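Only this structure's heavy atoms are used, side chains among them; waters, hydrogens and symmetry mates stay out. Bear in mind that the values here come from a model prediction, so they are computed numbers and not experimental data. Residue numbers count from 1 along this sequence.
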Amino acid sequence: MTNTTAAELIARSNRLGSDPRVTNYAGGNTSAKGTETDPVTGEPVELLWVKGSGGDLGTLTESGLAVLRLDAMRALAKVYPGVDREDEMVAAFDYTLFGKGGAAPSIDTAMHGLVDAAHVDHLHPDAGIAFATAADGEALTAKAFGGKVAWVDWRRPGFQLGLDIAAIKAANPEAVGVVLGGHGITAWGDTSDEAERNSLWIIETAQNFIDTEGRADPFGSPLAGYEALPAEERRAKAAALAAHLRSVASTDKPQVGSFTDAAVVLDFLASSEHARLAALGTSCPDHFLRTKVKPLVLDLPASASIEESVARLDELHEQYRGDYAAYYDKHATADSPAMRGADPAIILVPGVGMFSYGANKQTARVAGEFYINAINVMRGAEAISTYAPIDEAEKFRIEYWALEEAKLQRMPKPKPLAGRIALVTGAASGIGKAIATRLAAEGACVVIADLDLTKAQDAAAELGGTDVAIGVQANVTSEEEVQASIDAALLAFGGLDLVVNNAGLSLSKSLLETTVADWDLQHNVMAKGSFLVSRAAAKVLIDQKLGGDIIYISSKNSVFAGPNNIAYSATKADQAHQVRLLAAELGEYGVKVNGINPDGVVRGSGIFAGGWGAKRAAVYGVPEEDLGKYYAQRTLLKREVLPENVANAVFVLCTSDLSHTTGLHIPVDAGVAAAFLR
């Protein structure tokens, strides 16, 4: 980047966006005005750099900036057709772009271009929105800030709001910013540093006023029976409720979940005013676009049983859907986009915490973070006044705004497994790791379960952050550890859709050499282990009512009789028949159960590296390093089978292309005639 003004803007944006006191993920926008040389005329031209639509301040880079000719952008005021047609102005910004223009300009571009200041910050700090949503916010703003911060009545973001703020700044030369009713704050400065100082001063002053002038109990008195459960107990209850909660949030479309038992949530739910405040909904557009206008709140004490909670949640869900449909019908016009779904995005469970939902883990997690912001806003507003968010009609105008719909339509098409949650056993290496890698690449959230926790976590880290994958320890022979791994999936991603029984080991011994301990070890890990994993997973899949897949990584040896592997082949045959048995039993719930029969997967295999390879090489009379080539030459296709080939088969089985296939075993052996299924 060669322009110093733009470089300063990005640095300031990153600092502001990384501070949770300042703004939330993808919230707010910043700008700077400066000069650049016009490559056509060679003359200097005054430009506006502003964060583009959909970007995030904390991670903003040059490609995320929209770049406009300032004189052309300001000239749009002459052709502005008025509030009733101001949505047209977003398209008009395209005619003011400099060069290729960078990112798409957002609706807030007018605010930044029309305000007569070199640097402008528009932010959504909790303390600032507390003033913006206080019933007497205008008077409180004057009291807390004097003449240095002005008040702007609620107006939907757009060109007129930019004109309003520009006029207020011109009429209040001492002001360094404004509080936007129902929305947030805007600050400015002659330099980048001054704009940042003014933004932080407004936020700090607002928070200090709340802390010193506010009530000590803004959420009311403690609510008996609604206090937080002990940590272990509340997380156990969260895991027990998670599958059913996901079914509640996924009636219209499958969603990924995120759980938090942060103190701020638990304290809110343990207070007497939480139901009243939650019903009022959020106010800042950035909040309710992600959280919906209000959450679903379980109105039972923390001591309520799982059965009582599930029954009441079903009643509340029916009411919620009816209320949301009524909200849509009341405010929709002939031009409104179709209703996007009537399920809650936020579910609050007293004593336990909050579940938030979205199309993927990041969206779900961010929705929860935004609702925590909303709780902080409500606390601040109730401390100094009464919380008074924008009214329902205005919320609808934002939620079903044509410009918001256009933004949603511009989003890239989701990957094939987006919204699906997978658990793969024995996934820290070999076939399991290849499967986990493929599933994550196709959009799934993945839980890597392995006997070695460190390796599981390292493998998960290779796939990305915790929004993509987590690693857990699981000895599949332990009922407790299997359940713990399922619970980890529920708490990390809100549910479970796809289970791959891959954990295994092998001992290459003849019948007479095979001990009872050898036999038990093989059967405990693969036959019993697969049973334990499938049983624990099936309960979740049934509770969710979303169908799902269980896949067994069996073996060619489940149908082929070879020498010196009695225990291994027998347990693989056990797994193969589990596929058929579970397919018959779980089909009524929409759960598909299928198997894969690999053979000769030497490269990257933990089994082969653990001694099985040497034993099999000895049986066949070839060097161990040539075992893969040997296996390839005995196949019909003369191709070596790799872990990725097995992963490809797993992917195909759990896509919509095989939505009507269950009880199937797919050979991935490059063609072994003796193992053909009959």
Would R290 and Y371 count as a cation-pi pair here, with the cationic atom under 6.0 angstrom from the ring centre and within 45° of the axis? no
Hey, does the Lys NZ or Arg CZ of K292 hover above the aromatic six-ring of Y324, less than 6.0 Å from the centre and inside 45° of the axis?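 Cation-pi check for K292 and Y324: passes.
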Side chain to side chain donor-acceptor pair (under 3.5 Å) between Y327 and E399: does it pass, once the steps are laid out? CA-CA 11 Å; Y327 154 79; E399 186 177 3; 2.8 Å; yes
Is the number of heavy atoms from other residues, nucleotides or ligands within 6.0 Å of [atom1] ([X]) greater than 12?
| X | atom1 | value |
| --- | --- | --- |
| E213 | CD | yes |
| K545 | NZ | yes |
| E315 | CD | yes |
| Q319 | CD | yes |

Any sub-3.5 Å donor-acceptor pair from [X]'s side-chain atoms to [Y]'s backbone N or O?
| X | Y | answer |
| --- | --- | --- |
| R312 | A304 | no |
| S656 | S659 | no |
| K237 | A302 | yes |
| E227 | G225 | yes |
| S283 | I390 | yes |
| H665 | A576 | yes |
| D450 | A428 | yes |
| T466 | I470 | no |
| D261 | G353 | no |
| S530 | M526 | yes |

[Y] and [X], any side-chain heavy atoms less than 4.5 Å apart:
| X | Y | result |
| --- | --- | --- |
| V646 | I553 | yes |
| T251 | H317 | yes |
| Y320 | V248 | no |
| I596 | I551 | yes |
| V468 | V446 | no |
| L423 | T425 | yes |
| I550 | L586 | yes |
| M378 | E273 | no |

Regarding [X] and [Y], does a basic nitrogen lie under 4.0 Å from an acidic carboxylate oxygen?
| X | Y | answer |
| --- | --- | --- |
| D126 | R379 | no |
| E382 | R276 | yes |
| R365 | E369 | yes |
| D487 | R235 | no |
| E442 | R438 | yes |
| D391 | K395 | no |

For the atom pair [atom1] ([X]) and [atom2] ([Y]), what is the distance rounded to the nearest 0.5 Å?
| X | Y | atom1 | atom2 | result |
| --- | --- | --- | --- | --- |
| R535 | Q483 | CZ | CD | 9.0 Å |
| Q207 | N376 | CD | CG | 8.5 Å |
| L496 | D543 | CG | CG | 11.5 Å |
| L658 | H660 | CG | NE2 | 11.0 Å |

Identify the two heavy atoms, one from [X] and one from [Y], that lie closest to each other, and give their separation to 0.1 Å.
| X | Y | result |
| --- | --- | --- |
| L300 | S309 | CD1-CA, 3.9 Å |
| L541 | G547 | CD2-O, 3.7 Å |
| T133 | A381 | OG1-CB, 3.8 Å |
| P285 | I398 | CB-CG2, 3.9 Å |
| S534 | N501 | OG-ND2, 3.0 Å |
| P125 | R21 | CB-O, 3.2 Å |

Please say which of K539, R246, H244 ends up in a side-chain hydrogen bond (donor to acceptor under 3.5 Å, both in side chains) with Q544. R246
Test applied, side-chain hydrogen bond (donor to acceptor under 3.5 Å, both in side chains); reference residue, Y552; option that passes from H577, K572, Q578, Q575: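 In the set H577, K572, Q578, Q575, the residue that makes a side-chain hydrogen bond (donor to acceptor under 3.5 Å, both in side chains) with Y552 is Q578.
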Are I347 and L298 close enough, and set up right, to give a side chain to side chain contact (heavy atoms under 4.5 Å, CB included), and what steps lead you there? CA-CA 8 Å; I347 300 177; L298 178 61; 5.9 Å; no
Can you check side chain to side chain donor-acceptor pair (under 3.5 Å) on H124 and N373, steps first, answer last? CA-CA 9 Å; H124 300 144; N373 290 127; over 6 Å; no
Check step by step if side chain to side chain contact (heavy atoms under 4.5 Å, CB included) holds for L521 and T477. CA-CA 9 Å; L521 176 61; T477 69; over 6 Å; no
Side chain to side chain contact (heavy atoms under 4.5 Å, CB included) assessment of L498 paired with I421: CA-CA 6 Å; L498 167 61; I421 302 155; over 6 Å; no
I'd like to know if the side chain of K361 pairs up with that of S258 as donor and acceptor (distance under 3.5 Å, no hydrogens or angles considered).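 Yes, S258 and K361 have a side-chain donor paired with an acceptor closer than 3.5 Å.
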Evaluate the side chain to side chain contact (heavy atoms under 4.5 Å, CB included) criterion for residues I372 and M354: first the C-alpha distance (whole Å), next the side-chain angles of each, then the deciding distance (0.1 Å), finally the verdict. CA-CA 9 Å; I372 287 177; M354 171 175 63; 3.9 Å; yes
N360 vs T363, test: side chain to side chain donor-acceptor pair (under 3.5 Å). Steps then yes/no. CA-CA 5 Å; N360 51 54; T363 304; 2.7 Å; yes
Aromatic centroids of F259 and F493 separated by under 6.0 Å: no
Hey, what's the ring geometry for H331 with F396, parallel, tilted or perpendicular (30° and 60° as the breaks)?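 H331 vs F396 ring planes: tilted.
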Aromatic plane relationship, Y226 with H274 - under 30° parallel, 30 to 60° tilted, over 60° perpendicular: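 The arrangement is tilted - the two ring planes meet at 30° to 60°.
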Using the rule given for side chain to side chain donor-acceptor pair (under 3.5 Å), can you reason through N594 versus T661, listing the C-alpha separation, both sets of side-chain angles and the distance that settles it, and then say yes or no? CA-CA 8 Å; N594 293 290; T661 299; over 6 Å; no
Have a look at L451 and tell me which of V525, V476, N475 forms a side chain to side chain contact (heavy atoms under 4.5 Å, CB included) with it. N475
